[in-house]
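Notes follow once the structure below has been shown.
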Amino acid sequence: MVERTVRILSGSYSKVNDGVVIELFGRTAEGVSITLLYDDFRPYFKLVDPPNDCLEELREDDEIKEITTEELWVDGEKRKCKKIVCTYPWKVPGYRKRLKKRCKVLAADIPFVQRFIYDFDLSSTVKVDGELVNDDYTTEEILSVENFENTDPIKPSLNILSFDIENSLEDDRLLTIGCVLKNEDGKETRNFDASEKEMIEGFQNYVQEKDPDVITGYNINGYDLPKLEERAKEIRIDEINLGRDKGKLRKKGQRYWTVNGRIIADAWWSVRSELNLKRETLNHVAEELLGEEKDDVDSSKIDEEWEKDSERVKKYCVKDADLALNILTELEVLGKAMDMGTVAKLPVGEGLNPRTSTLVDSILIRKAEENEVGVPLTSHGGKRGKIKGGYVHSIEPGLYHWVSVLDFKSMYPSIIIQNNICFTTLSEDGEIESPTGVKFLTPEEKKGLLPEILEDLMRERDEVKDKMEQAEGKEERYYRGLQNAIKVLMNSFYGVFASSFYRFTDPEIGESITAFARENIKQLINELQDDGLKVIYSDTDSVFFQSPEEDLEKTIDISEKIARDYSREAIILEFEKILNPFFSHGKKKRYVGRVIWPEEDLLVRGYELRRSDSFQAQDEALREIFEYILDDDVEGAVERAKEWIREVRNGQIELEKLVISRTCKKFSYYKNPDSMPNVQAAKKMKDLGHKFTPGMKVSWIVTDAEKTPQKVEPWLPDHEIKKEADWKYYAERIAKTLSRVTEVFGWDKEALLAGNKQSDLFSENFDDNGNGGTDRGKTSEDDKFEKKDEVTLEDFV
DNA sequence: TGCCCTCGGGG
DNA sequence: GTGTACGAGGGCA
């Protein structure tokens, strides 16, 4: 009998005899990779008061192992239920579909490994004992578990394999596979470059031998993994066995690839979710984030490069794998996934790119079952009922100084707690009534599950934050990550109840939460105004107000005092930042400002340029205009905007700044290829005798946008554009971009194009202090609940 | 306003 | 394999 402490990385199961064995893969406190096996668990689901004939059938069914009786809360009342234990997890969907027609079915759509984790109430790290066994897994140890026990989370360091492939553009053949393996001993690299068969098998064996916890690379989900599989099929290799169970690599859904026992972490996905970059090429990210540069192999001429110097290409391939690995490390992707796994009590793999419903399920299903509350199925197919979102205060166009920003701390969770909002407290007899007229029982009558969970999380977060403040260095970072994960988890609870389908969702609940929120913030605004403060803007859980003092120290003091004074028991206000200046052209959710406290920064929301399809002049012009505005030179901004447009319309601009680029796939890929400018450019490029390979980036200049589809000319180094650019089109595009900012001063798109003000609706009510205008305060119908992190100007200019 | 289509990363 | 799968932007109706 041995004992191990194991961080769980991922889970799966496989068939044995007349049942299944649960496989949990992880790493021990000593850093040993391990497979945990447990074969005494069977799938089950529940039925609410099933008719007798239905029960009879089930009793006679060989696949059904056991039927027991229990009482559960269903739709607000105690009901007699049957727990149906069956043989194999994959049989459950069939029963679910058939039985759903005859009675209410509960908990028949919970993935088997998660079912196991909930039932054994496992958390992120477990202490297990059992016997070490021999079996066909690639981990160092394999343990047949007799006993599971929860223990404090550990963060063992993981072995990561990063890889990259190069393949021919001409015939798709694999040229090389480059690998970088990182473990406790450091890094090692490896290249495969023999026949395709040898490369794929070599790679497979390498993965099995080195047994990484994590497989990464850049855009591997979208490119390398599908390409590997494609090439394997081509040369009659049925499957690529990369799993810890030596099982195959397989695709799940549209975008995900999985393998049992390992975590597949695409570095590009992390870049997308963690950073807000205009371009996300490996080259660009490596430079931004790591200050490193890619080797300069031109991948659009990969065949030539390979021909010329295959050693160089191989080096480049490994370098790319290394960059992806460094990005993953730099972004602390796995640390964050572990934190998420810790707070949601799930395997690390589930904490990476987590689905909110999975996180919430993990906590809520356990809680529900503990309280004998039935777990409904997630309903599919119905219409996504949009609920009313947060309150957004109208903003008077203009430039402001000394603007202080306050935030409600964890507003939605606080509201749920304060009003005991839960699907278990929803009741006609409730004494708590939401602004939408929905009633909830008081906590004294019946404490809701959601408020209970959120209170615990809130308390836990406060404790972790306290520890964070006491700690330093590595420890401080650990607590910081943890408290952040708790925050994400808390918001997930609100998220699933507010938006999409979720098994416990009731639109009345989501609507009550946001209604309470709107009431709260409006009340705060009124109180501030009654006390003589000028509220400039407000969105969902934040309030922007004009500081009565034009002085940093005084503004800080005042803001802190206001945050204290206006906080109510469960609803706490926090002083967030000071903006000076702050600009908006009067459209909600769109503003720019200089943050001067707590740290200097630039804040831009809603003015971001679209990432693709934009041309250099647009970027440049917008950046310049913002500079004027943040320097308080409104007039200069408008003048410069007009000048830009005039120049573009008159053709006084380098064509280079008007080039639009985009990749172009195989023409047949597109539904309507002739309508697409990139296809048109690619075709013309070919006509001109240039090489075009599908997937290449093509560049063009628009020469006539009046026609549909618009006419374009390819932009090529040695090709002179004979037709005129469509100056009018470009002037309009620039005007559209810039007018979003200048509109407020009476210069809308048309005015900018005309060069003089025509309709002057805004400016009449507008003076330089941003005063005036009519109050058009309305509730936003916007249902984007998750607040995006703010984007800074550096990110997009 | 809402639906449909496309991109982005990769070679 | 008890289940899901991006998110944003533009064009067009």
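Proteins come first, then strands; the chains are lettered A, B, ... in the order of their sequence lines, and each starts at number 1. Hydrogens, waters and symmetry mates play no part in the numbers below; they use all other heavy atoms, side chains included.
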Just checking Tyr218(A): base, sugar-phosphate only, or nothing, at a heavy-atom cut-off of under 4.0 Å?
-> sugar-phosphate
Return no unless some side-chain N or O of Tyr13(A) is found under 4.0 Å from OP1 or OP2 of dT2(C).
-> yes
Proximity to DNA chain B (any heavy atom under 4.0 Å), residues of residues 250-267 of chain A only = none
dG3(C) OP1/OP2 closer than 4.0 Å to side-chain N/O of Ser357(A) | no
Below 6.0 angstrom between ring centroids: does that apply to Phe192(A) and Phe163(A)?
-> no
Taking Glu23(A) as the fixed residue, which of Tyr13(A), Tyr38(A), Tyr137(A) is the one that meets the side chain to side chain donor-acceptor pair (under 3.5 Å) rule?
-> Tyr137(A)
For Lys665(A), which contact category applies under a 4.0 Å heavy-atom criterion: base, sugar-phosphate, or nothing?
-> base
When we call it a touch if two heavy atoms are under 4.0 Å apart, what does Asp164(A) touch: a base, just sugar-phosphate, or nothing?
-> sugar-phosphate
In terms of side-chain geometry, is the basic nitrogen of Asp238(A) or Lys248(A) positioned less than 4.0 Å from the acidic oxygen of its partner?
-> no
Walking DNA chain B from its 5' end, the first of Thr663(A) and Pro694(A) to be reached, judged by nearest nucleotide, is Thr663(A)
Among dT2(C), dG10(B), dG1(C), find the nucleotide with the atom closest to the side chain of Trp90(A).
-> dG1(C)
Short N/O separations, protein against nucleotides 2-6 of chain B, under 3.5 angstrom:
| from | atom 1 | to | atom 2 | distance (Å) |
| --- | --- | --- | --- | --- |
| dC5(B) | OP1 | Lys671(A) | NZ | 3.2 |
| dT6(B) | OP1 | Lys671(A) | N | 3.4 |

Report the distance from atom CG of Leu228(A) to atom C1' of dG11(B), rounded to the nearest whole Å.
-> 13 Å
Calculate the interatomic distance between Leu175(A) atom CG and dG10(B) atom P; express it in whole Å.
-> 17 Å
Would you mind reading off the distance between Gln114(A) atom CD and dT2(C) atom P, rounded to a whole angstrom?
-> 9 Å
Which nucleotide sits closest to the side chain of Asn167(A): dG9(B), dT2(C), dG11(B)?
-> dG11(B)
Would you mind classifying the nucleic acid contact of Pro93(A) as base, sugar-phosphate or nothing, using non-hydrogen atoms under 4.0 angstrom?
-> sugar-phosphate
Using atom CG of Asn219(A) as one end and atom C1' of dG10(B) as the other, report the distance to the nearest whole Å.
-> 5 Å
So, are Glu305(A) and Arg312(A) salt-bridged, with charged N and O less than 4.0 Å apart?
-> yes
What does Ile302(A) touch in the nucleic acid at a heavy-atom separation under 4.0 angstrom: a base, only the sugar-phosphate, or nothing?
-> sugar-phosphate
Check Tyr670(A) against Thr663(A) and note the closest heavy-atom contact, atom names and distance.
-> OH-O, 4.0 Å
Checking only heavy atoms, does the side chain of Arg272(A) share a donor-acceptor pair with the base of dG8(B) at less than 3.5 Å?
-> yes
Output, in order, the C-alpha distance, side-chain angles, deciding distance and verdict of salt bridge (Lys or Arg N to Asp or Glu O under 4.0 Å) for Arg42(A) and Asp18(A).
-> CA-CA 10 Å; Arg42(A) 286 201 187 270; Asp18(A) 70 331; 3.5 Å; yes
Parallel under 30°, tilted from 30 to 60°, perpendicular over 60°: which one fits the rings of Tyr88(A) and Trp90(A)?
-> parallel
If you look at every strand shown and take non-hydrogen atoms under 4.0 Å, does Ile165(A) touch a base, only sugar-phosphate, or nothing?
-> sugar-phosphate
Among Lys46(A), Arg503(A), Lys97(A), Arg115(A), find the one that has a salt bridge (Lys or Arg N to Asp or Glu O under 4.0 Å) with Asp109(A).
-> Arg503(A)
Is Asp164(A) salt-bridged to Lys319(A), going by a charged N under 4.0 Å from an acidic O?
-> no
Provide the distance between the two C1' atoms, one in dC6(C) and one in dG9(B), to the nearest whole Å.
-> 13 Å
With heavy atoms under 4.0 Å as the rule, sort Ser168(A) into base, sugar-phosphate or nothing.
-> nothing
P atoms of dA5(C) and dG9(C), separation to the nearest Å | 22 Å
Separation of Leu277(A) atom CG from dA8(C) atom C1', in whole Å?
-> 15 Å
Do Lys683(A) and Asp674(A) sit within salt-bridge range, that is, some charged N less than 4.0 Å from a carboxylate O?
-> yes
Is the closest basic N to carboxylate O distance between Lys251(A) and Glu230(A) below 4.0 Å?
-> no
Just how far, in rounded Å, is C1' of dG11(B) from CD of Glu304(A)?
-> 14 Å
Quick one: Asp320(A) CG to dG11(B) C1', roughly how many Å, whole number?
-> 10 Å
Check the distance between dG9(B)'s P and Leu225(A)'s CG and give it to me in whole angstrom.
-> 19 Å
Arg96(A) side-chain N/O to dG3(C) phosphate OP1/OP2 under 4.0 Å = yes
